[in-house]
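All values below come from the heavy atoms of this structure, side chains included, with hydrogens, waters and symmetry mates left out. Order of the sequence lines sets the chain letters (A, B, ...), proteins ahead of strands, with each chain counted from 1.
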There are 2 protein chains.
Amino acid sequence: MKTKAPHDLATAGTRERIVRTASRLMQRQGYEGTGIKQISREAGATLGSVYHFFPGGKQELGAAAVRLGDEEFTELLRETLDAEPEPEKALPALAASLAEGLRDSDWLDGCPVTSTVVGTASGAPGIQQAAAEAFARWRSVVAESLVAAGFAAPDAADLSHTVIATLEGAELASQVARSEAPLEAAGRHLARLVASYR
Amino acid sequence: MKTKAPHDLATAGTRERIVRTASRLMQRQGYEGTGIKQISREAGATLGSVYHFFPGGKQELGAAAVRLGDEEFTELLRETLDAEPEPEKALPALAASLAEGLRDSDWLDGCPVTSTVVGTASGAPGIQQAAAEAFARWRSVVAESLVAAGFAAPDAADLSHTVIATLEGAELASQVARSEAPLEAAGRHLARLVASYR
DNA sequence: GTCTATATTGGGATAGAC
DNA sequence: GTCTATCCCAATATAGAC
C-alpha cells in the first residue's frame with residue numbers, strides 16, 4: 001500500500017502540492033483561466049517539476065485535479081451520509097455543508113469538478129471522462145446510502161440522479177446569487193422528495 | 001420601439017452577429033477558452049468592429065453574451081410553461097427540451113449562461129451580475145407560472161429555486177455523462193415534488 | 001463603421017545543465 | 001528530480017487610414 005497523503009500542503013510531496021494547487025486554482029478560475037506557470041509558482045515548484053510529473057502537460061494535470069476533487073467530495077458525501085442514517089436529515093445537512101464552504105470562501109469555491117470541466121468538453125477528453133467518473137461515483141454513494149436506509153434499489157438509483165444534479169445546480173445558483181437560499185431550498189426539497197418514496 | 005432582431009445570422013446586423021457568435025462559442029468553450037479573434041472571424045466581422053461596438057473589450061462582450069442567453073432561456077421557459085398550464089406536465093417537457101438540445105448538439109451545447117460565467121467569478125463583475133440577473137429572472141418566470149396554476153405564493157417562490165437549480169444541475173450532469181438520464185429523472189422528480197404541494 | 005497593422009503581454013511547452 | 005533559459009505562438013487591445 002502506498003504512503004498516505006499528508007493533509008497539509010507544507011509537508012506534502014511535490015507532485016501532490018502541484019495537483020492540490022491546480023485543483024484549487026481551477027476551482028476558482030476554471031481550466032482555461034488557470035496557467036501552468038501560476039500553478040507552479042503557487043505550489044512552490046518549478047515549471048520543470050510540473051512537466052516532470054505531468055508529461056502530458058496541462059490536460060493531464062487538469063484530469064488529475066478533477067480526480068482529486070472527485071475524491072474530496074466522495075469523502076464528504078460518505079461522512080455526511082454515514083453520520084446521519086436518515087436521508088431526510090442527511091440531505092439538508094449536505095446542502096448546508098456546501099453552503100458553508102461557499103460562504104466561507106466569499107462565494108469563490110464552488111464544485112472543483114464542475115468548474116474545471118465546464119468549457120473543456122470539446123478538446124480535453126481525459127478531463128471530461130474524469131468528471132463523468134466523478135459524477136457516477138457520487139451517484140453510487142448516494143444510491144448505496146438510500147438502499148441502506150431501506151429504499152428500494154430502483155428508487156434509490158433513480159433518486160441518486162436528482163440528488164447529485166440538484167446539489168450541483170443549487171451550489172452553482174448559490175454561488176452566482178451569492179446567497180445560501182438556493183442550497184437551503186434544495187436540501188429541504190430533496191428531503192421532501194425522498195420522503196415521498198417511503 | 002427598436003427594430004426587431006432578425007432570427008438568422010445572415011441578415012442580422014454586425015453588432016448582433018458578434019453577440020450571437022460570442023454566446024455560441026462561449027457556450028461550448030467557456031469565457032476564457034474563447035478568443036476575440038475567433039469571435040470576429042466566425043461572426044464575419046473585423047476586430048476593429050468588435051472593439052467599435054464593445055469598447056469595454058472581452059468583458060463587455062461576455063456580459064452581452066450572457067444577457068442573450070438569459071433572453072433565450074426566458075423565452076423557452078415562457079413558451080413551455082404557457083403551453084401546458086399544469087406544472088406536473090410542463091416540467092418534464094422542459095427537461096425534455098433541454099435534453100433534446102444537448103443531444104442534437106452531440107452534448108456540446110449546455111446552458112450558455114452557466115458555461116460563460118463559470119470561472120469568471122473573481123475578475124469580471126459585469127458577467128457575474130448578468131448571470132445573477134438571469135437566474136433571478138428565470139426563477140420569477142417559474143414562480144409566476146406556479147402561482148397561476150394555483151400554488152400559494154410562498155410555496156411558488158420557494159419551489160422556483162429548486163426548479164431552476166435542478167434543471168441547471170441535471171443539464172450539466174447530462175452533458176458530462178452524455179446521457180439523457182439525469183434530465184429525464186429531474187423532470188419526473190420535479191413534477192412529483194411540485195405535486196406534493198397541491 | 002470597417003479594415004489592417006502592430007504593440008505588448010502571457011500562454012504552453014522544451015532543452016539541457018546540475 | 002530540480003532548475004533556468006528560451007522558443008514559439010496566441011491572446012487582448014490599440015492606432016490610425018479609409
*From the options C/dT2, C/dA13, D/dT12, select the nucleotide whose nearest atom is closest to the side chain of B/Lys37.*
D/dT12

*Figure out the CE/C1' separation between B/Met26 and D/dT12, and round it to whole Å.*
12 Å

_If I take atom NE2 in residue B/His52 and atom P in nucleotide C/dG1, what distance separates them, rounded to the nearest angstrom?_
5 Å

*asked:* Quick check: closest heavy atoms across B/Thr21 and B/Ile39, and the distance to 0.1 Å?
replied: CG2-O, 3.8 Å

*Can you tell which of C/dC3, D/dT12, C/dA13 lies closest to the side chain of B/Ser49?*
C/dC3

*With a 4.5 Å limit on heavy-atom distance, are the side chains of B/Glu32 and A/Tyr31 in contact?*
no

_5′-ward residue of the pair B/Thr46/A/Glu32 relative to DNA chain C_ = B/Thr46

*So does B/Thr14 get a side-chain nitrogen or oxygen closer than 4.0 Å to the phosphate oxygens (OP1/OP2) of C/dT2?*
yes

*Regarding A/Arg192 and the six-membered ring of B/Tyr197, is the cationic atom NZ or CZ under 6.0 Å from the ring centre and inside 45° of its axis?*
yes

*Rounded to whole angstroms, how far apart are CD on A/Gln29 and P on C/dG10?*
14 Å

_For B/Ser115 versus A/Val118, what's the shortest heavy-atom pair and its separation?_
CA-CG1, 3.7 Å

*In whole angstroms, how far is the P atom of D/dT14 from the CG atom of B/Leu47?*
11 Å

*A/Gln38 has an atom CD; how far is it from atom P of C/dG11, in whole Å?*
8 Å

*Taking NZ from A/Lys58 and P from C/dG10, how many angstroms apart are they, rounded to a whole number?*
15 Å

*Report which part of the nucleic acid B/Ser40 touches: base, sugar-phosphate, or nothing (heavy-atom distance under 4.0 Å, all strands).*
nothing

*If you look at every strand shown and take non-hydrogen atoms under 4.0 Å, does B/Gly48 touch a base, only sugar-phosphate, or nothing?*
base

*Could you check how far CZ of B/Phe53 sits from P of D/dT14, rounded to whole Å?*
17 Å

*Starting at OH of A/Tyr51 and ending at P of D/dT4, how long is that distance when rounded to a whole Å?*
17 Å

*Can you name the closest pair of heavy atoms from B/Ala157 and B/Arg139 and give their distance?*
O-NH1, 3.2 Å

